[in-house]
Amino acid sequence: MTKNYLEIPEELYNKLSDYAENDQLSIRLENQQILLENPKINHTNKQNLALHYFIVPSLASGIIALLIFLSTNHPQIAFTGSRHLSVASLSIILSTLFGFFGFIWTYLRKSCDLSKSKFKIFRETLTLSVAYTSISFAVQIIFWYIIGKTFSGVTFDPFTAGFLVLVFVGIIFYFLISAALSITLPNLILLLFTTFIGGILVSMATNNQKDWWQHNFSFLGTGEATQHWQFNITLIFSALILLTITDFLFAEFSKSSLYNYKFKIIRVFYILIALLIAFVGIFPAQSWTMPIHNNSAFGLVAVVLIMIIFLKWLVPTISKEFLALSWTALIALSWTALIALTLSAVAFMGIHYLSLTVFEIIAFAIAFTWLVMFINSLRGIIQEGNEWQVKLLQK
């Protein structure tokens, strides 16, 4: 009888041994990939899990909405608008509340790495739940604004309105639960981009009548700006998401044979950068906090410059393309920082060129983009270190 074998390297064999159950592994095909796993792993479909988890909160939200609508003694409930409690307002409130706590419960139950310290688990879970819930909240605001313009004046009886709340809360809750079950490094990077860029754009838009660009970028976080808390909270949460990305990246990297003290230095750099970003948001550019704010902002640029200068030493296997891109960023960042400092010194006297704000935005964009690209490069190095060649044998 012919037997089939797989010839694998010893290093791979040792790794697979950690996952084996009585020297056995299960093999399955998924998305054109071959996966070797512990046979006891539960392969319940994530979509089915999300559907299972969202039923009770959706029903609860529908019942709560119905009771609230009935208690108002209004025969008709508005679809949108704020004159009375509407389907829109109650859907946003209930989906945000249920979604926030549902995300936390699901993430802790299915996705969180329990090998981490309790503090890291708490910080990671709270950061992700607030970030994803905030994004869903913003999407709902935009959605209901469009619906309000489209279906102006539409009303429903309390029972129909309660059912509609159930449906809309269920949809948002389902997507939040699916997100909690699918936390990966690429998803976190996308979350960082969405949170940072979205928050900054909203801050710019809410201050468009105050000519904030004639001051500086940091004006958006001062007391003179409209809803300045948006800018500061965006920076703080972006810093927390960056810390979470750092934890995910280096938790994966620490299992690789390539992991050494140089990568520990890179990790410290990323933690320092996250703290500096948070300080820029915590300490606005005003009053006694101005020196801390400015030193944090310039410190952020300085740390990125140091990382680029020592990049080849820190990661000898880094690609030539990324190294060339990094040196281009180094030159651009250095000149941008120098010009920004010069403009700050002369305080725009008689200068009718690009304002300090433009150079601040350019410097921040270059630094932020390079940091994200470097994370992707490190991911590529990890994946290269986790590739082996195997042979199919038949005897």
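Please read these numbers as outputs of a predicted model, since none were measured by experiment.
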Give the minimum heavy-atom separation between P158 and P75, together with the two atoms involved. CD-O, 3.4 Å

Polar side-chain atom of S89 near backbone of S86 as donor-acceptor pair, under 3.5 Å: yes

I'd like to know if the side chain of S61 reaches the main chain of S58, judged simply by a donor and an acceptor atom lying under 3.5 Å from each other, with no hydrogens or angles considered. yes

Using the side chain to side chain contact (heavy atoms under 4.5 Å, CB included) rule, take F279 and L300 through it: C-alpha gap first, then chi angles, then the decisive distance, then the call. CA-CA 10 Å; F279 282 171; L300 170 63; over 6 Å; no

Side-chain donor/acceptor of T72 to backbone N/O of F69, under 3.5 Å: yes

Mind checking whether L94 and I64 have side chains closer than 4.5 Å, heavy atoms only? yes

Heavy-atom side-chain contact between F250 and K264 under 4.5 Å: no

Just say parallel, tilted or perpendicular for the rings of F103 and Y132, cut-offs at 30° and 60°. parallel

Indicate, with yes or no, if I197 and M373 share a hydrophobic cluster defined by side-chain heavy-atom contacts under 4.5 Å among Ile, Leu, Val, Met, Phe, Trp and Tyr. yes

Are F374 and W370 near enough that their ring centres are under 6.0 Å apart? yes

Checking the side chain of T160 only, and the main-chain atoms of F156 only, is there a donor and an acceptor separated by less than 3.5 Å? no

Could you check whether any side-chain heavy atom of P284 comes within less than 4.5 Å of a side-chain heavy atom of N232, counting everything from C-beta outward? yes

Validation row, ring centre F368 to ring centre F193 under 6.0 Å: yes

I'd like to know if the side chain of K120 and the backbone of D247 have a donor-acceptor N/O pair within less than 3.5 Å. no

Hits for ring pair (Phe, Tyr, Trp, His ring centres under 6.0 Å) against Y270, two or more places apart or cross-chain, chain-then-number order -> none

Of all residues at least two apart in sequence or in a different chain, which pass the side chain to side chain donor-acceptor pair (under 3.5 Å) check with N187? T184

What's the verdict on side chain to side chain contact (heavy atoms under 4.5 Å, CB included) for D157 and I77, showing C-alpha distance, side-chain angles and the deciding distance? CA-CA 6 Å; D157 66 87; I77 304 298; over 6 Å; no

Pairs involving residues 133-154, ordered by first then second residue, that meet side-chain hydrogen bond (donor to acceptor under 3.5 Å, both in side chains) (sequence neighbours left out): S95-Q140

Would you check if L126 and F100 make a side-chain contact, meaning some heavy-atom pair closer than 4.5 Å? yes

Min side-chain heavy-atom separation V165-L66 under 4.5 Å: no

Please examine the side chains of F168 and F163, heavy atoms only from C-beta on, and report whether any two atoms are closer than 4.5 Å. no

Please examine the side chains of I271 and I273, heavy atoms only from C-beta on, and report whether any two atoms are closer than 4.5 Å. no

Hey, could you give me the CD1/CG distance between I245 and L192, rounded to the nearest 0.5 Å? 4.5 Å

Could you check if a side-chain atom of F269 sits within less than 4.5 angstrom of a side-chain atom of L314, using non-hydrogen atoms only? yes

